[in-house]
Amino acid sequence: MTIQQQTELYELPLDLKPELLPKHVAVIMDGNGRWAKRQGLPRIMGHKRGVDALKDLLRCCKDWGIQALTAYAFSTENWKRPQEEVDFLMTLFQGVLRQELREMVEENVQIQFVGNLEALPRSLQAEISRSMEETKNNRGIRFSVATNYGGRQEILQACRAIAQKVQQGILKPDEISEEVFEGHLYTAGIADPDLLIRTSGEMRLSNFLLWQMAYGEIYITDTLWPDFDRAEFHRALCAYQQRERRFGKI
Ligand code: IPE
Ligand code: IPE
Ligand code: MG
């Protein structure tokens, strides 16, 4: 690769307008299993390759000036998979976190996890706490990993927390505004995604960011997650920049 080509890869492509970039991109990283099957490999190999695709996307968002990235790593429904696959994923998350933490600290990434973290293996919880603690003062890209995340479950836990405050007299029912509600979601303090990308062609939210995606743009590609690269991301951003976001207006 020439220096010229290399620079082009890391700089924002010329056909993208910096002022029209999404501030927050969310991804449903789907299709790892199918990718592996097509290569004649066990499903877990797809998950391993999927990690590389995510690492590259994070770097790309950083290079191109996107402020926040949220990735769906494990849903509340994914526990229904074979135990072997679930165990592999938990071990994979923990290993990747341990391996990548130093670089994230240095690269000014602020990592956080959204979801019901208490149900995760203790050793993974420890690694998660450590990574959030060590990157909490970083002010570069905000990287959220949705782990044991479910949109319905997130909304319910917010309702419970709010109900408790009402019962204790801390909050009145008519004070429950959108802002107050959002403050009780796992994503409190993170702006809603402007663009949601789903790979592998499935046209559904699969319980991801149900509240937050009220007005987010959706982009679906047939590409399977391990094959999602900068060129694919570039295409998604081009499509996004063509959209007219009306928010109910005319
Ligand atoms: C997404 O890929 C990764 C996780 C849900 C953890 P899948 O494992 O769902 O891959 P497919 O959809 O079976 O191909
Ligand atoms: C969504 O993918 C969850 C993640 C990518 C972590 P799934 O593969 O679990 O979604 P469904 O089952 O096809 O809806
Ligand atoms: Mg899937």
Side-chain angles (χ1 to χ4, degrees), residues 24-58 61 68-97 99-100 111-121 123-125 127-128 131 143-156 185-187 190 193 195-213 216-229 232-233 236:
H24 181 180
V25 173
V27 274
I28 301 180
M29 312 183 286
D30 199 14
N32 291 350
R34 278 163 283 173
W35 181 91
K37 197 174 171 198
R38 280 187 203 170
Q39 318 278 323
L41 297 168
R43 289 178 56 85
I44 57 169
M45 291 309 288
H47 298 315
K48 270 186 104 162
R49 284 295 293 268
V51 171
D52 297 331
L54 179 60
K55 273 162 57 180
D56 197 47
L57 178 64
L58 177 62
C61 285
L69 174 68
T70 298
Y72 204 5
F74 194 87
S75 75
T76 45
E77 287 71 37
N78 286 149
W79 297 107
K80 294 175 196 153
R81 293 185 177 204
Q83 192 61 44
E84 211 180 65
E85 183 170 339
V86 171
D87 291 345
F88 178 85
L89 284 167
M90 296 301 150
T91 310
L92 180 71
F93 298 155
Q94 196 177 322
V96 171
L97 253 187
Q99 203 178 311
E100 301 298 323
I111 192 170
Q112 66 195 107
F113 286 79
V114 292
N116 176 10
L117 306 179
E118 281 160 26
L120 296 171
S123 51
L124 175 57
Q125 285 186 50
E127 210 66 52
I128 285 177
S131 68
F143 177 40
S144 308
V145 188
T147 314
N148 192 23
Y149 175 89
R152 288 188 169 182
Q153 190 262 348
E154 176 186 41
I155 289 169
L156 283 179
L185 295 173
Y186 295 130
T187 55
I190 309 173
L195 171 65
L196 170 71
I197 299 171
R198 183 165 188 156
T199 54
S200 86
E202 309 294 353
M203 302 203 185
R204 52 178 173 263
L205 285 175
S206 300
N207 206 10
F208 193 40
L209 303 177
L210 297 183
W211 170 281
Q212 296 85 342
M213 275 300 292
E217 296 290 328
I218 301 175
Y219 176 87
I220 290 163
T221 170
D222 284 335
T223 300
L224 303 175
W225 178 252
D227 290 328
F228 190 87
D229 57 12
E232 281 288 339
F233 188 44

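Note that ligands are numbered from 1 as they come in the structure, with each ligand's atoms numbered from 1 the same way.
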N/O contact list for ligand 2, threshold under 3.5 Å:
unit_1	atom_1	unit_2	atom_2	d
ligand 2	8 (O)	Asp30	OD1	3.2
ligand 2	8 (O)	Arg81	NH2	3.2
ligand 2	9 (O)	Asn78	ND2	2.9
ligand 2	9 (O)	Arg81	NH2	3.4
ligand 2	10 (O)	Arg198	NH2	3.3
ligand 2	10 (O)	Ser206	OG	3.4
ligand 2	13 (O)	Arg204	NH2	2.8
ligand 2	14 (O)	Arg204	NE	2.8
ligand 2	14 (O)	Ser206	OG	2.6

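Using bins of under 30°, 30° to 60° and over 60° for the plane-to-plane angle, the ring pair Tyr72/Phe208 lands in the parallel bin.
Under the rule for a ring-ring contact (aromatic ring centres under 6.0 Å, His included), the partners of Phe233 that lie at least two apart in sequence or sit in another chain are Trp64. The ring-ring contact (aromatic ring centres under 6.0 Å, His included) check on Phe88 picks up nothing, with sequence neighbours excluded.
When non-hydrogen atoms are compared, ligand 1 lies under 4.0 Å from the side chain of His47 (C-beta onward) but not from its backbone.
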Could you give me the CA-CA distance, side-chain angles and deciding distance for Leu57 and Val25, then say whether side chain to side chain contact (heavy atoms under 4.5 Å, CB included) is met? CA-CA 10 Å; Leu57 178 64; Val25 173; 5.5 Å; no

Taking it one step at a time, do Val27 and Trp225 satisfy side chain to side chain contact (heavy atoms under 4.5 Å, CB included)? CA-CA 10 Å; Val27 274; Trp225 178 252; 4.2 Å; yes

Would you check, one step at a time, whether the test side chain to side chain contact (heavy atoms under 4.5 Å, CB included) holds for Thr76 with Arg152? CA-CA 10 Å; Thr76 45; Arg152 288 188 169 182; over 6 Å; no

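A donor-acceptor distance shorter than 3.5 angstrom exists from the side chain of Asn148 to the backbone of Asn116, with no hydrogens or angles considered.
Around the CZ atom of Arg81, the shell of radius 6.0 Å holds more than 12 heavy atoms that belong to other residues, nucleotides or ligands.
With hydrogens and angles left out, the side-chain atoms of Tyr186 and Gln153 include a donor and acceptor closer than 3.5 Å.
Excluding waters, the set of protein N, O or S atoms lying under 2.8 Å from the Mg ion (ligand 3) comprises Asp30 OD1.
Counting only heavy atoms from C-beta outward, the side chains of Asp52 and Lys55 approach each other to under 4.5 Å.
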